[in-house]
Amino acid sequence: MGPDTELLVFANWSTLLVCMVLKFPQIVSIMGSRSTEGLSLASVLLEVTGFLVFLRYQIYYDYPMETYLEYPILIAQDVILLLFIFYYTGSMRNALIYSSIFFALWNILVLQKWIIDLALNLCTVISASSKFLQLQHLWRTKDSGQASALTWAMATYTSAILLRFIVLLILNLWVTLVIVKYRKKEDKKDAKKRD
């Protein structure tokens, strides 16, 4: 096993381990304070939605379980967060409503292949929107309340693994654009030679 492979194995396992306890600091903070101030309900709902879509996609296309093992764990932790939010805001009846919506989503996603494919393509937007809603909530209230910096720092770690792919995506796109740009110049030169 080469150094690149060892690094990838470490990144995969460490990410899985972090995901297994990702929301624990947040849950402990809520339990200690008996408050969910600082947390955005909409943010957590969108996060669960993104996780459910990704998990459903992986199962639908029969991916190996190790490629999505952290998602059921993350969903369970977010469900606990949602239950705390509903409980401490006095809206436990909403838990049943949102459970029904998520159950329907789980089943609608696989009615047609194009639905699950489109939903997966929207996952990045859903996840990003979740983060923006949490930021908006914090900016609006100017109070972090019980939001756990440790939970968000661990989430940052799990996302940092993907930074390499983002950099490569940008560089590949840049090379593609430069190729297209210079190809157009070559096409113009060829057209002038023919004239």
Side-chain angles (χ1 to χ4, degrees), residues 15-16 18-60 63 67-112 114-160 162:
T15 299
L16 177 61
V18 169
C19 285
M20 290 175 78
V21 296
L22 184 66
K23 304 292 180 159
F24 284 16
Q26 185 64 73
I27 292 168
V28 169
S29 175
I30 291 169
M31 290 172 63
S33 68
R34 299 186 181 276
S35 168
T36 58
E37 283 188 38
L39 298 180
S40 164
L41 171 62
S43 173
V44 179
L45 288 170
L46 274 180
E47 185 173 66
V48 171
T49 301
F51 290 162
L52 283 172
V53 168
F54 188 81
L55 177 62
R56 190 62 162 155
Y57 181 90
Q58 297 288 312
I59 292 170
Y60 180 81
Y63 280 89
T67 63
Y68 61 86
L69 187 57
E70 67 271 21
Y71 285 89
I73 297 166
L74 290 168
I75 291 167
Q77 292 175 62
D78 269 350
V79 166
I80 292 168
L81 282 179
L82 285 171
L83 289 173
F84 276 127
I85 292 171
F86 294 139
Y87 180 77
Y88 287 119
T89 59
S91 56
M92 277 303 284
R93 69 181 182 285
N94 289 339
L96 181 60
I97 294 167
Y98 284 111
S99 296
S100 300
I101 292 169
F102 287 132
F103 179 77
L105 172 68
W106 182 261
N107 290 297
I108 289 169
L109 285 170
V110 294
L111 288 177
Q112 301 259 335
W114 68 267
I115 297 172
I116 190 72
D117 292 341
L118 176 62
L120 183 73
N121 287 321
L122 294 173
C123 259
T124 300
V125 174
I126 293 168
S127 294
S129 297
S130 165
K131 308 318 178 228
F132 281 121
L133 285 172
Q134 180 60 44
L135 283 168
Q136 181 185 38
H137 180 77
L138 292 169
W139 289 328
R140 187 174 27 89
T141 62
K142 297 187 182 347
D143 180 13
S144 62
Q146 304 315 309
S148 169
L150 181 55
T151 289
W152 285 95
M154 290 190 311
T156 302
Y157 171 77
T158 64
S159 300
L162 299 175

Exercise for the section: Mark yes when over 12 heavy atoms from residues, nucleotides or ligands other than Glu37 sit less than 6.0 Å from its CD; otherwise mark no. Expected result: no
Open item on the list: Using the rule given for side chain to side chain contact (heavy atoms under 4.5 Å, CB included), can you reason through Leu41 versus Leu82, listing the C-alpha separation, both sets of side-chain angles and the distance that settles it, and then say yes or no?
Closed with: CA-CA 7 Å; Leu41 171 62; Leu82 285 171; 3.7 Å; yes
For this session: State, yes or no, whether a side-chain contact exists between Val44 and Ile85 at a heavy-atom distance under 4.5 Å.
Result: yes
(message) Quick check: do Ile59 and Trp106 have side-chain heavy atoms less than 4.5 Å from each other?
(response) yes
Quiz item: Under 3.5 Å, side chain of Ser130 to main-chain N/O of Ser43, donor-acceptor pair present?
Solution: yes
Q. Are side-chain N/O atoms of Thr15 and Glu70 paired as donor and acceptor at under 3.5 Å?
A. no
* Kindly say whether Leu22 contributes a backbone atom to a donor-acceptor pair with the side chain of Thr151 at under 3.5 angstrom? => yes
**Report entry** Backbone of Leu150 reached by a side-chain donor or acceptor of Gln26 within 3.5 Å
**Finding:** no
So CD of Gln136 and OG1 of Thr141: to nearest 0.5 Å the spacing works out to 10.5 Å
* Any donor and acceptor pair, going by atom type alone, linking the side chain of Ser127 with main-chain N or O of Cys123 inside 3.5 Å? -> yes
Could you check whether atom OH of Tyr87 has more than 12 heavy atoms from other residues, nucleotides or ligands sitting under 6.0 Å from it?
no
Without swapping roles, check the side chain of Gln134 against the backbone of Ser40 for a donor-acceptor pair under 3.5 Å.
yes
| query | Is the count of non-hydrogen atoms from other residues, nucleotides or ligands lying under 6.0 Å from Tyr157 atom OH greater than 12? | reply | yes
On a heavy-atom basis, the closest approach of Leu16 and Leu69 is CD2-CD2, 4.0 Å
A side-chain contact here means heavy atoms from C-beta on lying under 4.5 Å apart; do Ile30 and Tyr88 qualify?
yes
For the pair Ser91 (side chain) and Asn94 (backbone), establish whether a donor and an acceptor sit closer than 3.5 Å, ignoring hydrogens and angles.
no
Exactly one of Ile126, Asp78, Ile75 clears side-chain contact (heavy atoms from CB on, under 4.5 Å) with Leu52, and that residue is Ile75
Is the closest side-chain heavy-atom distance between Arg56 and Tyr68 below 4.5 Å?
-> no
Exercise. Between Leu81 and Ile27, is any pair of side-chain heavy atoms under 4.5 Å apart?
Worked result: yes
Does Thr158 reach the main-chain N or O of Ala155 with its side chain, forming a donor-acceptor pair under 3.5 Å?
-> yes
Angle between ring planes, Tyr71 versus Phe51, binned at 30° and 60°: parallel, tilted or perpendicular? perpendicular
Nearest heavy-atom contact between Gly38 and Ala147 is O-CB, 3.8 Å
Here the gap from Ile115 atom CD1 to Leu120 atom CG, rounded to the nearest 0.5 Å, amounts to 14.0 Å
Rounded to the nearest 0.5 Å, the CG atom of Asn121 sits from the CH2 atom of Trp114 at a distance of 12.5 Å
In terms of heavy-atom contacts, Phe102 and Leu45 come closest through CZ-O, 3.8 Å
So do Lys131 and Glu47 actually touch side chain to side chain, heavy atoms under 4.5 Å? yes
Side chains of Leu109 and Tyr57 in contact at under 4.5 Å (non-hydrogen atoms): no
d(Leu39 CG, Leu138 CG) to nearest 0.5 Å is 8.5 Å
Interatomic distance, CD1@Ile108 vs CZ@Phe103, rounded to 0.5 Å, equals 10.5 Å
OG of Ser33 to CE of Met31, rounded to nearest 0.5 Å, is 10.5 Å
- Donor-acceptor under 3.5 Å (Gln77 side chain, Cys19 main chain): yes
### Pairwise side-chain contact, Ile73 with Val21, heavy-atom cut-off 4.5 Å (strictly under)
no
